[in-house]
Amino acid sequence: MNKRLFIHAVALAAASLAASNSIAQNNTFKIGLILPMTGQQASTGRQIEAAAKLYMAQNGDTVAGKKVELIVKDDTSIPDVTKRLAQELIVSDKVNVLAGFGITPSALATAPLATKSKTPMVVMAAATSSITQASPYVVRTSFTLAQAAVAMGDWAPKNGIKKVVTLVSDYGPGIDAEKYFKERFVFNGGQVSESLRVPLRGPDFAPFLQKVRDIKPDALFVFVPSGAGAAVMKQFLERGMDKAGIKLIGTGDITDDDQLNDMGDGALGVVTSHHYSTAHPSAVNKKFVDAFAKANPSLRPNFMAVGGYDGMRVIYEALKATKGQGGGDALLAAMKGQIFESPRGPMFIDAQTRDVVHNIYLRKVEKKDGQLYNVEFDVIKDVKDPGKAK
Ligand code: VNL
């Protein structure tokens with residue numbers, strides 16, 4: 001081949017490669033799912049990945065003529081890593097949607113990139129109120145700590161709990177939980193004697209619990225992120241706090257369905273407020289739990305799984321509504337206002353705030369068929385995030 005012909009051939013090959021790439025590009029719809037698959041928050045990643053895959057298995061991977069591709073990335077729950085992965089997914093993979101976000105700092109680190117690239121960012125786990133305000137491209141399908149904590153601030157004083165110590169992980173969701181619980185509890189006549197904060201990474205609960213024992217409140221209100229509840233429960237029981245007459249209360253993160261069965265009978269009777277229980281008595285949830293358990297025999301779906309499952313639904317429905325032709329802004333618009341029945345119960349995405357509106361349930365740990373469950377006994381309907389700037 002002479003040189004000219006060779007250059008010509010190379011140019012042709014490059015052009016046809018580019019064309020086939022762009023066809024592949026046009027026929028695929030890419031979801032960049034960034035999750036903590038290893039490290040301290042790995043259970044959250046495992047739950048959301050399993051739920052997202054279940055949603056796709058149930059609903060197919062071709063939507064509005066597009067082949068849906070899920071690209072899972074492990075951010076190890078380090079925000080700098082989340083941000084770098086998001087950047088790569090946007091620039092190199094040209095994802096249509098970003099999703100996941102196990103912890104608040106990861107979501108906050110990514111929000112400016114979503115804004116800049118006009119990429120919808122579906123937050124499936126992180127739950128600090130302010131996240132939806134960090135970018136107009138954020139849509140949330142998890143929950144907010146403010147939603148759950150306010151419900152406990154109403155329930156506790158009506159149920160003989162007058163004096164409380166709060167113990168929270170010292171970052172966004174913990175600070176929201178502490179603030180919104182306390183505000184409502186004090187408004188209702190309760191007294192918070194002490195507000196303790198433990199580090200997010202590698203916390204040692206022992207000295208804090210010792211302090212609580214000495215103060216001897218009616219109850220200890222706890223928020224720790226999903227996956228950390230069992231350690232708190234273990235030390236709470238080992239120190240005989242329950243026998244000393246101190247009740248354990250909190251948002252449902254503490255009696256996480258992922259770990260609850262391993263917490264033992266000491267967890268029986270613990271009351272929490274949350275948006276999802278594996279035991280939620282509805283046909284939609286039963287179907288979800290059964291299918292999830294079948295696909296993942298060693299896992300029980302928790303609230304993280306539901307945030308992931310519903311997040312996939314919001315993405316699929318936006319893709320359908322835009323007939324596979326929508327860019328970031330059109331997809332975002334189609335996500336706003338979606339209303340549907342989730343395994344958690346009825347929910348919708350508030351079109352103004354892009355945040356989830358759903359029921360918050362009061363639940364008590366009970367044993368059924370030899371397993372521990374959060375059994376719902378009361379409900380506050382259609383709860384909006386109380387944590388939005390007024
Ligand atoms: C967050 C909130 C994370 C609640 C959680 O588990 C949780 C967060 C990982 O916003 O960081 O249960």
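Any value given below was found using the heavy atoms of this structure, including those in side chains, with hydrogens, waters and symmetry copies removed. Remember, it's 1-based here, ligands and their atoms both numbered in the order they're listed.
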(request) Using a 4.0 Å heavy-atom cut-off, say whether Thr44 meets ligand 1 through its side chain, its backbone, both or neither. (result) side chain

(request) Just need the protein heavy atom nearest to atom 1 (C) of ligand 1, so name the residue and atom and give the distance. (result) Tyr171 OH, 3.6 Å

(request) Mark yes or no for whether Asn188, through its side chain, and Gly153, through its backbone, hold a donor-acceptor pair below 3.5 Å. (result) yes

(message) Could you identify the single nearest non-hydrogen protein atom to atom 6 (O) of ligand 1 and state the distance to 0.1 Å?
(response) Ser226 N, 3.0 Å

(request) Show which atoms of ligand 1 fall inside a sub-4.0 Å distance from at least one heavy-atom site of Gln41. (result) 9 (C)

(request) Give a yes or no on whether the backbone of Thr353 and the side-chain of Arg140 come within a donor-acceptor separation of less than 3.5 Å. (result) no

(message) I need the atoms of ligand 1 closer than 4.0 Å to a non-hydrogen atom of Phe303, numbered in the order shown.
(response) 12 (O)

(message) Quick check against the 3.5 Å criterion: does Asn359 have a side-chain atom that pairs as donor or acceptor with the backbone of Asp382?
(response) yes

(request) Answer yes or no on whether Arg363 is positioned over the face of Phe377, meaning its NZ or CZ is under 6.0 Å from the six-membered ring centre and within 45° of the axis. (result) no

(request) Check ligand 1 against Ala126 and write out every atom of the ligand that is under 4.0 Å from a heavy-atom position of the residue. (result) 8 (C), 10 (O)

(message) Could you identify the single nearest non-hydrogen protein atom to atom 10 (O) of ligand 1 and state the distance to 0.1 Å?
(response) Thr104 OG1, 2.5 Å

(message) Tell me the protein heavy atom at minimum distance from atom 7 (C) of ligand 1, and give that distance in Å.
(response) Asp253 OD2, 3.4 Å

(message) Tell me whether ligand 1 is touched by Gly102 - counting only heavy atoms on the residue side and a distance under 4.0 Å.
(response) yes

(message) When you measure from the side chain of Glu69 to the backbone of Phe29, do you find a donor-acceptor pair of N or O atoms at a distance under 3.5 Å?
(response) no

(request) With heavy atoms only and a cut-off of under 4.0 Å, state how Phe223 meets ligand 1: side chain, backbone, both or neither. (result) side chain

(request) Give the contacting part of Pro173 toward ligand 1: side chain, backbone, both or neither, where contact means a heavy-atom distance below 4.0 Å. (result) side chain

(request) Heavy-atom contacts with Ile103 under 4.0 Å: which atoms of ligand 1 show up? List them by number with element. (result) 8 (C), 11 (O)

(request) Would you check if the side chain of Lys336 reaches a backbone N or O of Ile349 as a donor-acceptor pair within less than 3.5 Å? (result) no

(message) Show the atoms of ligand 1 that are less than 4.0 angstrom away from any heavy atom in Met304.
(response) 5 (C), 6 (O), 7 (C), 9 (C), 12 (O)

(message) Given Phe303, which partner from the list Ser226, Ser277, Pro343 fulfils the side chain to side chain contact (heavy atoms under 4.5 Å, CB included) test?
(response) Ser226

(message) With a sphere of 6.0 Å drawn around NZ of Lys116, does it hold more than 12 non-hydrogen atoms of other residues, nucleotides or ligands?
(response) no

(request) Using distance alone, decide if ligand 1 has a nitrogen or oxygen within less than 3.5 Å of any nitrogen or oxygen in Ala127. (result) yes

(request) Mark yes or no for whether Asp75, through its side chain, and Ser77, through its backbone, hold a donor-acceptor pair below 3.5 Å. (result) yes

